[in-house]
Structure formats: structure tokens, C-alpha cells
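All chains are named by letter (A, B, ...) in the order of the sequence lines, taking the proteins before the strands, and each is independently numbered beginning at 1. Keep in mind the model is a prediction, meaning the values are calculated, not measured. Side chains are part of it too, since the values below use all heavy atoms of this structure and drop only hydrogens, waters and symmetry mates.
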There are 2 protein chains.
Amino acid sequence: MGTTSKALTLLDLFTRSRPQIGLSELARLSGTNKATCYRLMSELVEHGLVEQVVSSKEYRIGPAVLRLAALREATVPTREAALPILQALAAATGETAHMSHLVAGQLVTLSFAYPAAHGMRVMMEDADRLPFHATSSGHAVLGWMEDAALARVLEGPLATAPGLVPVTADDLRARVAAARARGWAETANTFEADVSSFAVPLFDAQGQVQGALAVAAAAPRLTDAARITIPRQLIAAAREIMALWGGHPPAELSALWRKTEQPTEKVQG
Amino acid sequence: MGTTSKALTLLDLFTRSRPQIGLSELARLSGTNKATCYRLMSELVEHGLVEQVVSSKEYRIGPAVLRLAALREATVPTREAALPILQALAAATGETAHMSHLVAGQLVTLSFAYPAAHGMRVMMEDADRLPFHATSSGHAVLGWMEDAALARVLEGPLATAPGLVPVTADDLRARVAAARARGWAETANTFEADVSSFAVPLFDAQGQVQGALAVAAAAPRLTDAARITIPRQLIAAAREIMALWGGHPPAELSALWRKTEQPTEKVQG
DNA sequence: CCTGTTGGTTTATTATGTGAACCATCGGTT
DNA sequence: AACCGATGGTTCACATAATAAACCAACAGG
């Protein structure tokens, strides 16, 4: 592995639940030598990608990423442009909507919107990685990635939090297949308790999966009617978002979506 | 120089005006070998910090920075928290307000706000680096950094755009000294034509300069009254922003600011 | 006063990154 | 078509730069 990759791997260790990390812990987590780790972090600090808290000497993500992010949004406005659509989706469904992106093989929630309607909401945190195996977004994207992607996930841990629905390998394969066959994915109580989640994949101009659009609904108030309308609203919103990007779903998915949107029409050979 | 630093230097080449760069040009700009450059970029791509446009093969900033930026804002909400204050400042002054941060020795505009009032506005672009020598923000921060910082700037080019006020070395020294002596900086026609700019430095909890808060006013409509009120409004807003961060100006600056805010009171020994 | 932390530094060893030269491909000119 | 000057990408001998282990000073708790 290249040295640069090692340094960048260190960045991946910073998460929402672990935003500041000391040198020793960082070395432990990354499996690198402390001296190595120190040097790498020093270089990251030098460029502002990471900064060191003066009091505790812990490291945390630095201000340079803000410039890069602003520049990214200026060149490829994926996030900001999609936000209004996300908000409309949240308003229409009355549930939390969120969009996640496939970055470096991981699924990262980058934007979300809450409905104004209900007091109870499914809360989301951005900048968090979603596990492929336990989220509808994960299933939705896996359905349209190379088979190797699913294989990689199956090699990893498939644990769900205690009290939630466990996911076995066969289970996951079936869920991903179902997501592909149906055009959208649905999960319940796999990632968060009492949350039912619906998701569709998002594609770029090259027809590559880029991420997923999802609605996370409070299970107790999920009606049968909502079970039918939410996928339709998801599909409509996904189309809007992809239109912004110049992306489009593969023909196969497009056909599935049309069936979902117009369930009364029979497909005519 | 470490390999990681070289890779990160490549990231710095992407700017607002040059958001996508091909391999050869990147190697030229960075002064590295093409093969080296290729390998470094490949590693950056692998981690999503950079992505390659499929059609042109050019590189651009990748989606991974969005996660990092969201994480940064979640850990240290400098930008988002200050935004309302910035907007209030823009509204109060009727001019464009912007905040820039000192990151890795460079001054980067990270947020700005426009006034609703006037049709004519000084436009800003975020994620752009401000030249120290030609901006009031630059003078403001240089006044409170180590002398070496000013020395470094004096070593570099002091050019201004054609038609604008040129800045000599002595000039710059005098301007920085004035900014320090007065507690705020003021420039006219050095960075943009017909723009007068006012700025104050911002400090963190350790008393280190972190950036600058500035108001960029359209010179034609700048009244004598505004010349007096804008610095006061800047100071008030800077105090608010620093309060959010837990920062505070050094005692010397604090005293200067008090004099500016209450110009009628005589300082009593 | 011992023990286990922490962040940080030094060293010889060696793995890693490097630059020059090379290829294949593209788009425009002659 | 043949040529030119670009481009992105690859190869390989060589030297620089990264590494791991051991060490240090400082701190906290028992």
C-alpha cells in the first residue's frame, strides 16, 4: 500500500461517533506504528486536513476540507442541488428523506431532510457511513453494482444492533435480489428500531450507481397506503435528482419503475 | 518533502478558476514527474478525495471531501454557526460580508453573505484563496501573526490586477502596521475595482489568529458615515463570532476596539 | 514509588517512491 | 495518408523516503 493511502486511511477513522482521536489510539486503530502514524498525521496537519486540539493533543478533521468541499460543490453540485428535492420528498411522504453517495466503496449519507408534519421523526446524521447489509439504501445500490460488491459485503460482518432483525448471508442475497427485481428496496428494524426504510438507487451519466435515495419511516405509523405511495414518490424524486446530474437509470430499472408508477396498466408485449 | 505532502499539494492546485486538471498539466503545475503524479492521483482517487471525469480523463475534487466537511462542521461548527451573524452584518451594512479562515498558511474565504438592500453587490466566491498583500482581510490577519508571516508574504509576488492600485513592499508594511495600530484594516481598489474593503482579525480560544471578518463595499456609494460605522459593525460581529468559538481578541486589540466603538469617550489613565 | 498510560523522538534497515524513457491514442495540419 | 504535438498511461533501475523497535519525558492512579 502506498504511503499516501495510509495517510488517507487515517482520515477514514474519524467518524461521527469518534470525531477526535489521540495518537496512540489512532496507531492502534489503524494498525500502523506510532512513529509512522505521527509522521503521517503531521503531514496532514501541515496541510490543514487535520488539526490538533491544543489542550488534549487529540487530532480532528481540519478546516482545509471546507475549502475542498466548497470547491467540490461548485464543480459538481450534487448535494446542494438535490436538497430541495429531498425536502419536497420529506414533505410529501411526511417522513425523513436522505440521500447517500457511494464514495470509495462506502455508502455515506450526505444530505437529509425532515418532514414538518410529525412530531416524531427518524433522525439522521450526515457524514455517517451506512452498512450495506442492514439498510435499504445498501440493498438498493448492491442490486445494481457488480456482483463483486455483494461478495465483498458478504465477506464482512453482517451484524445488526441487539434487538434488531438479524441478517444472514442468504437473507442479504435474497434482499438484494428482491431490491433489483422490484426496483426499490425495503427494510424494517434492521438498522434502527421501529424504522421502516425504502430506497432506490441513483445513477450518473455513465449509468453507474452513485448512491441511493431513501425514506426512513416511523414503523408504528406506516400505513398500507404509505407502503405503496412511498416507493412511487421515491422514484419520482430519484428521477428529478438524476435529471439534475444528467444521469439516468438503466433500461431494465426504468421499466420496473414505470410499472410501479402505473400499477393498473398491464405490460403489453 | 514527504510523499503524503506531495499528494496533498496536488489537491491545492484545484481552485475555483481551475476546477479540473488533466494529468500532464497537473504534473507541470506541481513540478512533479508525470509517473509520480499519476500514482499519487490514483491513490487520491482510490479514497474518493479526487475523481476522474470519464469523458475527458481530467481530475477533479471527489465526493469524499463532502463527508469530511460535514464531519468537520459537526465537530467544529465554525462556518455554519457564524453564517447568521454574517448575514446580519451584510444586512446592517448593506454590503457584502465575508469570513475567511487561515488554513495551512493561506487565507480562504469560506462563507459570505449578501445584503438584500442594493441591486449592486460585491460578489464573492467561496473556496477561493485571498492574497494577503492585496486584501483588507490579509492585512488584518498579518497584523496579528508572527513577523515571519509578513516576511513570507514580502518574499512572494505583490502584484495587483492591471488598473488597480499597486502595492509595494513598504506600502504593505505600512498597511499591516496601520491595521494593527487601528484594530481594523481598510483597502480600496487593490483586489477588485471600485471595491473598498474593511476587515478585522478573528481569534480562537488560544488567542491565535484564525481568520478575518470583512465587509466589501461598493466604493461609489461608500459614504463618510459608512466609513465610520462599518468598522464598528465589523467589530461587533467579530465579537459575536468569537463568542461562538470560545475565542477572544488579545488585550491590546480589545482596547483598540473599545476605542473604536466609543469614539467620544476619552481614554482615562 | 511503581506501573501503565500518554505524545513525541531517534536509529539502522529496507521498502517505497522516483524520473527518464517509452507506448498507444487522439485531433488537427499539411 | 503521413505527420506532428499533444495527451494518459506504463516500465524499470536506482535512490530517496518510510518504517519499526526502542527509547524518553510527562502525567495519572494505586
Of all heavy-atom pairs between [X] and [Y], which one has the smallest distance, and what is that distance?
X	Y	answer
B:V103	A:H47	CG2-O, 4.5 Å
B:L83	B:S111	CD1-CB, 3.9 Å
B:F14	B:P19	CD2-O, 3.2 Å

Q) Looking at A:W257 versus A:H248, is the centre-to-centre ring distance below 6.0 Å? A)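 Not close enough - the centres of the two rings lie 6.0 Å or further apart.
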
Q.
With a 4.5 Å cut-off on side-chain heavy atoms, are B:L49 and B:I61 touching?
A.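 Side chain of B:I61 against side chain of B:L49, heavy atoms only: no contact under 4.5 Å found.
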
Q: Taking the side chain as every heavy atom from C-beta outward, state whether A:E146 and A:R152 have any atom pair closer than 4.5 Å.
A: yes

Q.
Can a donor-acceptor pair be found, under 3.5 Å and without considering hydrogens, that links the side chain of B:E43 to the backbone of A:S5?
A. yes

(Q) Salt bridge check, A:R72 against B:E51: does any charged N sit closer than 4.0 Å to a carboxylate O? (A)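 Here B:E51 pairs with A:R72 in a salt bridge, since their nearest N and O are under 4.0 Å apart.
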
Q: Please list residues of residues 1-21 of chain B whose heavy atoms come under 4.0 Å from any atom in DNA chain D, ordered by number; otherwise none.
A: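 Within residues 1-21 of chain B, the residues near DNA chain D are B:G2, B:T3.
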
Q | For DNA chain D, the residues among residues 23-38 of chain B that have a non-hydrogen atom under 4.0 Å from it | A |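 Contacting residues: B:L23, B:S24, B:R28, B:K34, B:A35, B:Y38.
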
Within this structure, what is the [atom1]-to-[atom2] distance between [X] and [N], rounded to whole angstrom?
X	N	atom1	atom2	answer
A:L44	D:dA18	CG	C1'	15 Å
B:M41	C:dT18	CE	P	14 Å
B:R39	C:dT16	CZ	P	11 Å
A:L40	D:dA17	CG	P	15 Å

Q. Across the strands shown, which category fits A:Q52 at heavy-atom distances under 4.0 angstrom: base, sugar-phosphate, nothing?
A. sugar-phosphate

